[in-house]
Amino acid sequence: MTYDIAAIGIGPMNLALAALADEVPELSIAAYDAKPVYDWHPGLMFDWAKLQVSFLADLVSLVRPTSRWSFLSYLAERDRMYPFYIAERFHIPRREYTEYCAWVADSLPSCHFGTEVAALDWDHNHRVWVLTLRTATGTRQTTARNVVLGVGTSPVVPEPLRPLLGARVYHSGEHLHRIDALAGDGVRHIVVVGSGQSGAEVFLDLIRQQREYRWALTWLTRTPSFAPLDYSKLVLEYTTPEYMRYFHSLDPDVRDRLIASQWQLYKGISTETIDEIHNELYEHMLDGNRPPVRLLPGTAVHNAAKEGDEIRLSCLHRDTGRTVTITADAVVAATGYAAVRPALLKPVEHLIAWDSQGRFDVMVNHQVRLVDGVTGGLYVQNAELHTHGAAAPDLGIAAYRSATILNSIAGREVFRLPKRTAFQSFEAV
Ligand SMILES: Cc1cc2nc3c(=O)[nH]c(=O)nc-3n(C[C@H](O)[C@H](O)[C@H](O)COP(=O)(O)OP(=O)(O)OC[C@H]3O[C@@H](n4cnc5c(N)ncnc54)[C@H](O)[C@@H]3O)c2cc1C
Ligand SMILES: NC(=O)c1ccc[n+]([C@@H]2O[C@H](COP(=O)([O-])OP(=O)(O)OC[C@H]3O[C@@H](n4cnc5c(N)ncnc54)[C@H](OP(=O)(O)O)[C@@H]3O)[C@@H](O)[C@H]2O)c1
């Protein structure tokens, strides 16, 4: 059969699509993920880590609070409503959010795991997308009239560190898979690079284990300060659908300038984590006999080399222009993620109308502009920071964006979308 929608990748964004589509019988959908089961950033799944958005930003509630796939529905099914009500917790543990998503993914017949989409092609004669699916048992093909790409972002490691990647130099996304081996290896000095939420959480994990493992720690970042995420109410309105529409209406060069200046909306540390780190530093000071801990803001790694077992980082200080050399046994690169062009698009790259910088040209309804003659719909989730702004990676937009895509594919307002989502008027009118 030819599906109305094939969703590629089942992270939170396409899972929201599958969950909302479950109540639209007129649209057939299949979603595929290469992973064997639903999982969400397992290498950073500290049991104490919290979601950065309210539980109301689950897969469906901001558009369809009555959905069977809401977080509250999950709690009811698990008989946890009273403990949750008494806990009064808006920011739920990350592991609880992941368990909720896994419950949805396991329950929806449209979600297929252990299935990598190896290639996407366009069949001109039948006017359908052709997906090549690779599973443990072999390769097969399926067809769809619309494709929604939700393949997430890829880890970024600074160029000088790339040749050193291995057991002792790794991206923060692998932290919990690697740290036990490092601890067993008796490392004496670990450097954490980067001061987004990942860097902060890795540093917090390492300083909490310092009494046991006696490692010295350096936490350095190119960002001018260990800056907080801006979570103030009127700034949060910059992650609403209303701002997203306004952002999309601007000239591309204005959008590029704005997104760079709005970094504290999506790159920074939660104030709660900053407080916890400060508490740990205070304990470190009181102990007095622990190995040193250094925090270096405004310091960028610009060269790296391995000498024997030692890693030598050459770092540039942004204010003084001075270079410092730091010697370490291990380096955790908490240096973020970026949208990359997925390899599966190779066969259809010539059918996509890329923008002047080789990025997707994404319309306001999240549909990618294609060359004339291709009638199938190609949509993206979380690959449109440059066209839709800081809301693109935010879980708080998942339900709204998925509903927008489903409305567009259905050709009617299947989901009534909230009209007023911010108090501010972003245009001077
Ligand atoms: C540790 C961490 C915590 C975060 N917490 C928050 C938070 O609290 N609030 C917030 O707003 N944002 C948060 N974010 C940011 C963002 O919401 C997440 O990165 C989120 O996972 C993005 O969802 P996604 O569906 O776009 O991508 P992903 O979750 O990365 O999912 C993409 C999926 O696509 C699959 N895939 C890729 N290629 C293929 C292919 N060819 N075939 C089949 N499957 C494929 C992958 O296996 C993966 O499962 C967090 C980010 C990180 C790193
Ligand atoms: N608890 C949670 O919910 C949670 C946990 C983890 C992540 N997240 C989210 O996931 C997204 C990614 O976060 P992230 O922390 O992985 O990445 P990030 O926010 O992009 O932070 C990357 C950090 O690395 C720095 N950096 C990059 N290259 C460097 C170099 N060569 N030398 C020194 N520093 C360098 C960056 O500095 P510049 O500022 O100069 O670029 C920045 O401080 C964010 O939206 C975040 O909020 C959420």
Side-chain angles (χ1 to χ4, degrees), residues 1-35 38 59-60 62-64 67-69 101 104-124 126-135 140-152 342 344-345 347-348 351-352 360 362-370 374-384 388 392 397-417:
M1 83 178 263
T2 293
Y3 291 101
D4 290 309
I5 306 168
I8 306 180
I10 313 176
M13 305 308 182
N14 265 350
L15 188 55
L17 185 90
L20 287 171
D22 189 45
E23 54 178 288
V24 193
E26 72 199 66
L27 294 179
S28 57
I29 177 170
Y32 303 102
D33 200 289
K35 288 193 281 213
Y38 184 84
L59 300 167
V60 290
L62 288 169
V63 166
R64 191 70 111 206
S67 166
R68 150 160 176 51
W69 304 117
C101 288
V104 177
D106 289 346
S107 313
L108 287 174
S110 57
C111 290
H112 306 279
F113 288 88
T115 309
E116 182 199 356
V117 180
L120 180 69
D121 223 325
W122 171 248
D123 180 338
H124 274 288
H126 299 96
R127 297 178 173 275
V128 288
W129 297 105
V130 181
L131 287 82
T132 303
L133 307 178
R134 198 182 288 147
T135 64
R140 64 191 162 89
Q141 290 190 321
T142 193
T143 53
R145 283 176 274 279
N146 297 278
V147 163
V148 183
L149 261 188
V151 294
L344 71 98
L345 288 183
V348 292
L351 302 178
I352 295 170
F360 292 120
V362 190
M363 297 181 245
V364 72
N365 64 349
H366 306 277
Q367 189 169 6
V368 171
R369 217 174 284 283
L370 302 171
V374 184
T375 50
L378 177 63
Y379 294 79
V380 286
Q381 304 226 51
N382 192 12
E384 71 283 52
H388 289 67
I397 215 69
Y400 185 93
R401 175 172 47 203
S402 288
T404 304
I405 293 172
L406 289 168
N407 284 352
S408 166
I409 292 173
R412 67 183 185 90
E413 200 183 47
V414 182
F415 295 96
R416 195 163 53 86
L417 294 173

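Side-chain N or O atoms of Thr135 include none that pairs as donor or acceptor with a backbone N or O of Thr115 at under 3.5 Å. Side-chain N or O atoms of Asn146 include one that pairs as donor or acceptor with a backbone N or O of Asp4 at under 3.5 Å. Side-chain atoms of Arg401 come within 3.5 Å of backbone N or O of Ala392 as a donor-acceptor pair. Distance alone, capped at 3.5 Å, places no donor-acceptor pair between the Trp69 side chain and the Ala16 backbone. Side chain of Arg145 to main chain of Thr2: a donor-acceptor pair is present (N/O by atom type, distance under 3.5 Å, no hydrogens or angles).
Contact check for His366 versus His388: side-chain heavy atoms found under the 4.5 Å cut-off. Looking at heavy atoms from C-beta onward, Leu27 lies in side-chain contact with Ile409 at the 4.5 angstrom threshold. Contact of the Val148 side chain with the Val380 side chain is not registered, since no non-hydrogen atoms from C-beta on lie closer than 4.5 Å. For the pair Tyr38 and Cys111, the minimum side-chain heavy-atom distance is 4.5 Å or more.
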Residues Ile29, Leu17; criterion side-chain contact (heavy atoms from CB on, under 4.5 Å); working and verdict: CA-CA 9 Å; Ile29 177 170; Leu17 185 90; 3.9 Å; yes
Worked check of side-chain contact (heavy atoms from CB on, under 4.5 Å) between Leu120 and Trp129: CA-CA 7 Å; Leu120 180 69; Trp129 297 105; 3.9 Å; yes
Chi angles and distances behind the side-chain contact (heavy atoms from CB on, under 4.5 Å) call for Ile5, Leu406: CA-CA 9 Å; Ile5 306 168; Leu406 289 168; 3.5 Å; yes
Evaluation steps, side-chain contact (heavy atoms from CB on, under 4.5 Å), between Arg127 and Trp122: CA-CA 7 Å; Arg127 297 178 173 275; Trp122 171 248; 4.1 Å; yes
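Here Ile10 contributes atom CD1 and Lys35 contributes atom NZ; the two are 9.5 Å apart, rounded to the nearest 0.5 Å. In this structure, CG on Leu351 lies 5.5 Å from NE2 on His124, to the nearest 0.5 angstrom. Note: Ile397 CD1 to Asn382 CG = 11.5 Å, rounded to the nearest 0.5 Å. Distance CG/Asp33 to CD/Glu116: 10.0 Å, rounded to 0.5 Å.
Among Thr404, Leu20, Val60, the one residue that satisfies the side chain to side chain contact (heavy atoms under 4.5 Å, CB included) test with Phe415 is Leu20. Screening Asn14, Leu133, Ile8 for a side chain to side chain contact (heavy atoms under 4.5 Å, CB included) involving Tyr32 leaves a single residue, Leu133.
Residues Pro12 and Leu59 share a closest heavy-atom pair of O-CD2, 3.3 Å. Scanning both residues, Gly377 and Gln367, for their nearest heavy atoms gives CA-NE2, 3.7 Å. The two residues Cys101 and Leu15 come nearest to each other via the heavy atoms O-CD2, 3.4 Å. Closest approach of Gln381 to Met13, counting heavy atoms only: NE2-O, 3.1 Å. What you find for Val414 and Asn407 is that their closest heavy atoms are N-OD1, 3.0 Å. Residue Pro342 comes nearest to Val151 through the heavy atom pair CG-CG2, 4.0 Å, listed as atom of the first residue, atom of the second, then distance.
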